[in-house]
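Letters A, B, ... mirror the listed sequences (proteins, then strands); counts begin at 1.
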Protein chains: 2
Amino acid sequence: MTVSKTAEKSSGKSADPAKGRKDATEVQSEALQLGELSEQLGYVLKRAQLKVFENFLRCMASLQLTPAQFSVLLLVEKNPGRNQTEIASTLGILRPNFVAMLDNLESRDLCARIRSTNDRRSHILVLTDKGKAVLARAKKLVATKHEARLNELLGQANREALLAMLSKIASEF
Amino acid sequence: MTVSKTAEKSSGKSADPAKGRKDATEVQSEALQLGELSEQLGYVLKRAQLKVFENFLRCMASLQLTPAQFSVLLLVEKNPGRNQTEIASTLGILRPNFVAMLDNLESRDLCARIRSTNDRRSHILVLTDKGKAVLARAKKLVATKHEARLNELLGQANREALLAMLSKIASEF
DNA sequence: GATATTTGATATGGTCTATAACAATTATCA
DNA sequence: TGATAATTGTTATAGACCATATCAAATATC
């Protein structure tokens with residue numbers, strides 16, 4: 001330990017951290033400087049991702065779909081007749097962790113596991129009629145409430161450029 | 001359940017999922033179609049974030065610093081004399097979860113808690129000399145191995161545009 | 001000076017992620 | 001063919017991360 005243990009005063013101000021509810025005679029503790037942090041791609045990327053997921057969950061509150069569940073429904077709809085391993089692996093979900101997820105979707109009658117006749121080890125995944133209906137409503141919510149918000153924040157062109165760069169990072173980094 | 005339980009054949013092909021190591025007479029199972037998934041900002045954002053963190057950890061392997069730990073060191077260096085609550089909250093870390101994190105950094109002699117003389121409840125955070133040295137090396141690694149990789153993938157201008165858009169999302173979404 | 005608030009800390013639970021292992025089934029190949 | 005290896009879905013389990021309630025010590029408030 002190379003640091004003196006006798007503390008200098010933290011600052012001349014009061015102990016109130018960052019809420020600014022002292023009266024006007026007190027200089028409220030100024031906000032912290034992010035410094036190089038705001039230039040760190042990983043940091044900003046993570047914060048943005050949390051905000052986007054948060055907004056997604058709010059938009060989907062009526063359907064009770066998480067981003068991960070939505071991605072499963074989308075992928076199963078686009079690729080009917082695939083088994084759990086295939087769906088899970090393309091989503092980056094490990095097979096063991098995919099089981100509980102499917103249990104959930106199946107218990108809500110959104111998708112179904114069907115024992116394959118080709119390979120009786122595997123379960124073919126399909127959307128139920130209810131699953132298709134829910135997914136259709138989910139897509140509309142995402143388009144009108146979620147992605148629309150993005151467009152009005154960034155503009156259509158910027159939003160597409162952002163998507164392209166993120167895709168490049170996701171696939172080539 | 002509105003789906004017939006008698007499975008149709010998953011496809012005409014073999015059971016080999018996506019690895020393509022059957023011989024040439026077999027049509028290997030084609031890759032799944034991502035479809036609308038590749039247009040979902042949240043999905044691409046999450047995948048990109050995972051890749052970036054993964055690369056960060058590889059670049060920092062010699063220093064054993066996670067992105068979160070790096071952000072703490074950066075913030076403490078930039079804001080000496082702040083207490084745990086202030087540092088944690090600006091990083092979006094809850095106070096209870098920040099304790100173990102600091103225990104780790106302090107046990108490695110990278111930062112130190114100093115009891116404040118102003119407010120004897122709070123712990124002032126500072127970097128030790130070793131912490132400053134390690135952070136300096138970490139910054140170099142990030143700049144030369146991590147961010148440099150981003151620049152060569154996207155180009156300087158695009159990288160800055162990406163950062164700007166992500167910052168906007170993180171703060172205004 | 002009595003009450004409320006703040007700080008760091010502990011305990012705890014939930015979710016997400018990662019690995020090992022198992023039974024049933026299928027593939028491989030001697 | 002039949003013995004062995006590999007695959008599929010599953011369970012169990014452990015770790016990381018995140019969130020809430022609660023506590024003692026210290027401080028603020030009135």
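- For residues 73-93 of chain B, no residue pair satisfies the ring pair (Phe, Tyr, Trp, His ring centres under 6.0 Å) rule, not counting sequence neighbours.
- Checking D:dA26, D:dG9, C:dA9 against the side-chain heavy atoms of B:Q84 singles out C:dA9 as nearest.
- Taking side-chain N and O atoms only, B:T85 has no distance below 4.0 Å to OP1 or OP2 of C:dT6.
- Near-neighbour residues of DNA chain D inside residues 90-100 of chain A, defined by a heavy atom below 4.0 Å, number-ordered: A:R95, A:P96, A:V99.
- Between the CD1 atom of A:I114 and the C1' atom of D:dT8 there is a distance of 17 Å, given to the nearest Å.
- Judged as a ring pair (Phe, Tyr, Trp, His ring centres under 6.0 Å), and not counting sequence neighbours, the contacts of B:F56 are B:F70, B:H146.
- In this view, A:V44 and B:L163, B:L166, B:S167 satisfy the side chain to side chain contact (heavy atoms under 4.5 Å, CB included) rule, not counting sequence neighbours.
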All N/O pairs under 3.5 Å across the protein-nucleotides 15-17 of chain D interface:
none

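- Sorted by first then second residue, the salt bridge (charged side-chain N to carboxylate O under 4.0 Å, His left out) pairs that include residues 59-69 of chain A, not counting sequence neighbours, number zero.
- Taking the side chain of A:S122 as heavy atoms from C-beta on, and the options D:dG9, C:dA9, C:dT26, the nearest nucleotide is D:dG9.
- The side-chain hydrogen bond (donor to acceptor under 3.5 Å, both in side chains) contacts involving residues 93-105 of chain A comprise A:D103-A:R113, where partners must be two or more places apart or lie in separate chains.
- Contacts of B:E54 classified as salt bridge (Lys or Arg N to Asp or Glu O under 4.0 Å), with partners at least two apart in sequence or in another chain: B:R58.
- Side-chain atoms of B:T128 come within 3.5 Å of backbone atoms of B:D109 as a donor-acceptor pair (strictly under, hydrogens ignored).
- Atom CG in A:N118 sits roughly 13 Å away from atom P in D:dG9 (whole-Å rounding).
- Taking the salt bridge (Lys or Arg N to Asp or Glu O under 4.0 Å) definition, one finds that B:E36 meets it with A:K139, sequence neighbours left out.
- Under the salt bridge (charged side-chain N to carboxylate O under 4.0 Å, His left out) criterion, no residue pair touches residues 160-170 of chain B, with sequence neighbours excluded.
- Between the side chains of B:N79 and A:Q33, no donor N or O sits under 3.5 Å from an acceptor N or O.
- A heavy atom lying under 4.0 Å from DNA chain C marks none of the residues of residues 47-55 of chain B.
- Note on B:R113: a side-chain N or O is less than 4.0 Å away from OP1 or OP2 of C:dA9.
- Residues forming a salt bridge (Lys or Arg N to Asp or Glu O under 4.0 Å) with B:R159 (at least two apart in sequence, or on another chain): B:E147.
- Interface remark: the B:R121 side chain does form a donor-acceptor pair with the C:dT6 base, using a distance-only criterion of under 3.5 Å.
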